[in-house]
Amino acid sequence: MTPPRQISHYEVRERIGRDGPTEIYRARDLRLERDVALKLLRLEIMAQPDALERFRREARIASLVTHPHICTVHDSGEQDGRAFLVCELLDGRALDEMVKSEGALAPELIIDLGIQLADALLAAHRRGIVHANLKPSNVFITTDGHVKLLELGAAGAAASADQGSSH
């Protein structure tokens, strides 16, 4: 499938990946003059019942938490029948790719990454969000060693009644 050349004020540059129901592209935010990751809901997925509503819901959930160890959502919307989500563009690789290429990680690195990941999950939990798809491919390690939790939108919002009132 050929992507559109432009979605909203984002110039689509090159395909950089595929993640479940989305194709991911490097794009240029023409207003703020920065590169971003643009996720487009695949057309064949959009044809499925409730797919568009799930995508919208995931975008809303993903935008609820701002934290240094959670991938930032900048924008979402629809144009010309295409649903999109715009996130920060990350440089690095997913934890599963890192382990495949490097083998067993040093204990100090595992502890550091675990602390960063726990901090991200705590921030989400404080907002009543439980990441429902935590796996190594959703833990991204930037080139400078920072954890970025991906796919927070695939999370489930915890019912406020389950939060309890004894704080």
Side-chain angles (χ1 to χ4, degrees), residues 1-42 45 55-56 58-79 82-127 129-155:
M1 168 185 72
T2 304
R5 295 171 55 113
Q6 188 166 328
I7 294 278
S8 183
H9 58 279
Y10 303 99
E11 179 184 65
V12 180
R13 298 261 169 105
E14 65 180 310
R15 183 175 181 258
I16 57 175
R18 183 176 179 162
D19 181 34
T22 62
E23 296 280 344
I24 306 167
Y25 296 88
R26 176 183 304 271
R28 182 77 177 166
D29 181 332
L30 299 174
R31 289 184 186 160
L32 297 177
E33 299 181 5
R34 65 178 173 181
D35 287 339
V36 295
L38 175 72
K39 292 180 151 191
L40 294 176
L41 187 60
R42 296 191 338 253
I45 300 298
F55 187 77
R56 289 177 182 148
E58 290 175 7
R60 280 191 305 272
I61 290 171
S63 71
L64 290 175
V65 183
T66 301
H67 187 274
H69 297 301
I70 296 175
C71 184
T72 302
V73 172
H74 298 305
D75 194 6
S76 71
E78 295 168 46
Q79 181 178 314
R82 298 300 305 269
F84 66 90
L85 178 67
V86 180
C87 302
E88 69 180 303
L89 182 64
L90 301 172
D91 187 21
R93 56 192 168 159
L95 181 58
D96 62 337
E97 295 171 10
M98 179 183 276
V99 170
K100 277 182 200 169
S101 68
E102 297 179 21
L105 303 179
E108 300 80 19
L109 178 59
I110 293 170
I111 291 169
D112 181 46
L113 298 178
I115 290 169
Q116 292 181 58
L117 181 58
D119 196 35
L121 291 169
L122 179 61
H125 291 181
R126 285 185 173 149
R127 292 296 307 237
I129 298 168
V130 176
H131 197 296
N133 196 20
L134 186 59
K135 57 187 177 181
S137 62
N138 285 338
V139 178
F140 195 88
I141 313 303
T142 65
T143 53
D144 58 359
H146 292 209
V147 166
K148 288 288 190 167
L149 184 58
L150 307 177
E151 299 302 313
L152 189 63

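The structure presented is a predicted model; accordingly, all values stated were derived computationally and were not measured.
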Please give me the minimum heavy-atom distance between [X] and [Y], naming the atom from each residue.
X	Y	value
G145	D112	O-OD2, 4.3 Å
V147	Q116	N-OE1, 2.7 Å
L90	C71	CD1-SG, 4.2 Å
A124	V65	CA-CG2, 4.0 Å
A94	S137	CB-O, 3.8 Å
A120	I70	O-CD1, 3.5 Å

Non-hydrogen side-chain atoms of [X] and [Y] separated by less than 4.5 Å:
X	Y	value
V99	P136	no
M98	D96	no
L150	D19	no
I141	R93	no
R18	R42	yes
R15	R26	no
L38	I7	yes
I16	L89	yes

Check: Q79 side chain, S8 main-chain N or O, donor-acceptor pair, under 3.5 Å: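 Here the side-chain-to-backbone pair exists.
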Does K100 use its side chain to pair, donor to acceptor, with the backbone of L95 at less than 3.5 Å?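 Looks like no, no N/O pair under 3.5 Å.
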[X] side, atom [atom1]; [Y] side, atom [atom2] - distance, nearest 0.5 Å:
X	Y	atom1	atom2	result
E88	T142	CD	OG1	9.5 Å
Q6	R13	CD	CZ	10.5 Å
H9	R28	NE2	CZ	11.5 Å
N133	E58	CG	CD	9.5 Å
I110	L105	CD1	CG	5.0 Å
R127	I61	CZ	CD1	11.5 Å

What residue among L40, L41, T22 forms side chain to side chain contact (heavy atoms under 4.5 Å, CB included) with F84?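 Testing F84 for a side chain to side chain contact (heavy atoms under 4.5 Å, CB included) against L40, L41, T22 leaves exactly one candidate, L40.
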Might you work through the side chain to side chain contact (heavy atoms under 4.5 Å, CB included) test for R34 and H74, ending with a clear yes or no? CA-CA 12 Å; R34 65 178 173 181; H74 298 305; 3.4 Å; yes
Begin with the C-alpha distance, continue with both residues' side-chain angles, and end with the deciding distance and a verdict on side chain to side chain contact (heavy atoms under 4.5 Å, CB included) for I129 and L64. CA-CA 9 Å; I129 298 168; L64 290 175; 3.9 Å; yes
Does the pair L117 and L134 meet the rule for a side chain to side chain contact (heavy atoms under 4.5 Å, CB included), with working shown? CA-CA 10 Å; L117 181 58; L134 186 59; 4.2 Å; yes
Please determine whether the number of non-hydrogen atoms from other residues, nucleotides or ligands lying under 6.0 Å from atom CD of E33 exceeds 12.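 No - once you tally the heavy atoms of other residues, nucleotides and ligands closer than 6.0 Å, there are 12 at most.
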Note: K39-E151 ion pair, threshold 4.0 Å (strictly below):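 Looking at E151 together with K39, the answer is yes, because their closest N to O distance falls below 4.0 Å.
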Would you check, one step at a time, whether the test side chain to side chain contact (heavy atoms under 4.5 Å, CB included) holds for E78 with R56? CA-CA 10 Å; E78 295 168 46; R56 289 177 182 148; 2.6 Å; yes
